[in-house]
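Have a look at the structure below before the remarks.
Letters A, B, ... mirror the listed sequences (proteins, then strands); counts begin at 1.
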Amino acid sequence: MTRVPSKPITAADAYPLIFAVIRRIPRGKVASYAQIAYAAGLPGRARMVGRALADAGGAGPKLPWHRVINAQGRIALPRSSEAYVEQKSRLIAEGVLFEGDRVSFTRYGWKRGSAPVLD
DNA sequence: TTCCTGACAATGC
DNA sequence: AGCATTGCCAGGA
């Protein structure tokens, strides 16, 4: 049979998976791009998660895109952009506090299936 | 098809 | 704690 080396993952295939994962992030929690990619069965495709959100561009109101931040705990957008302010305020509104310009994964990181951190 | 870009990330200094 | 480098992978020109 005509052999196919590996399945080239296209946006059409991946986006639904990615969005599905993002929709599972609980309110008041955050997840990194890499974490979402992994959970969506796309390990190593962190950049694709970013692309998916960029393409969505707020097109999916149901999507809690603001709960997605980079591995450094920072918002992956220019400080000067509108989206940055929007994302930060949304997070704060959910009780996610910033330490300077970053969020603590230890406190707000989404750990699938684990109990909330009560400190 | 090559080259450049990007809501990323791990590593090294 | 930053900053630069390198790896990564899909899109778009």
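- Set against B:dA9, B:dA7, C:dA10, the side chain of A:Gln87 has B:dA7 as its closest nucleotide.
- Here the side chain of A:Ala54 is nearest to one of B:dA7, B:dA9, C:dG11, namely B:dA7.
- In this structure, the side chain of A:Arg47 does not engage the main chain of A:Arg45 through any donor-acceptor pair within 3.5 Å.
- Taking the charged nitrogens against the carboxylate oxygens, A:Lys29 and A:Glu94 have no contact shorter than 4.0 Å, which rules out a salt bridge.
- Checking A:Tyr33 against A:Asn70 by side-chain atom types alone, no donor-acceptor pair falls below 3.5 Å.
- The nearest whole Å value for the distance from the CG atom in A:Leu42 to the P atom in C:dC8 is 17 Å.
- Separating the CZ atom of A:Arg74 from the C1' atom of C:dC3 is a distance of 11 Å, rounded to the nearest angstrom.
- Across B:dA7, B:dC8, C:dA10, the shortest atom-to-atom separation from the side chain of A:Leu77 is found for B:dA7.
- Across the protein-nucleic acid pair, A:Met48 atom CE and B:dT5 atom P stand 21 Å apart, rounded to whole Å.
- Using modelled atom types, one side-chain atom of A:Arg67 and one backbone atom of A:Ile25 make a donor-acceptor pair closer than 3.5 Å.
- The number of heavy-atom neighbours closer than 6.0 Å to OH of A:Tyr84, taken from other residues, nucleotides and ligands shown, is above 12.
- We find that OH of A:Tyr15 is positioned 12 Å from C1' of C:dC9, with the value rounded to whole Å.
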inquiry  = Using the rule given for side chain to side chain contact (heavy atoms under 4.5 Å, CB included), can you reason through A:Asp101 versus A:Ile75, listing the C-alpha separation, both sets of side-chain angles and the distance that settles it, and then say yes or no?
reply    = CA-CA 8 Å; A:Asp101 65 336; A:Ile75 290 173; over 6 Å; no

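- Regarding A:Phe105, its CZ atom lies at a distance of 12 Å from the P atom of B:dC8, rounded to whole Å.
- Remark: P of C:dA1 and CD of A:Glu99 are 11 Å apart, rounded to the nearest angstrom.
- With contacts defined as side-chain heavy-atom distances shorter than 4.5 Å, the pair A:Ile69/A:Ser32 does not qualify.
- Rounding to whole angstrom units, CZ of residue A:Arg51 and P of B:dA7 are separated by 9 Å.
- Closest-nucleotide positions on DNA chain C for A:Arg102 and A:Gly44 were compared, and the one nearer the 5' end corresponds to A:Arg102.
- Applying a 4.0 Å cut-off to non-hydrogen atoms, none of the residues of residues 18-28 of chain A approaches DNA chain B.
- Between the CG atom of A:Asn70 and the C1' atom of C:dC8 there is a distance of 16 Å, rounded to whole Å.
- Among the nucleotides C:dG2, B:dA7, C:dA10, the one closest to the side chain of A:Arg45 is C:dA10.
- Looking at heavy-atom distances under 4.0 Å, A:Arg47 makes contact with a base.
- With B:dA9, B:dA7, C:dG11 as the candidates, the nucleotide lying closest to the side chain of A:Ser32 is B:dA9.
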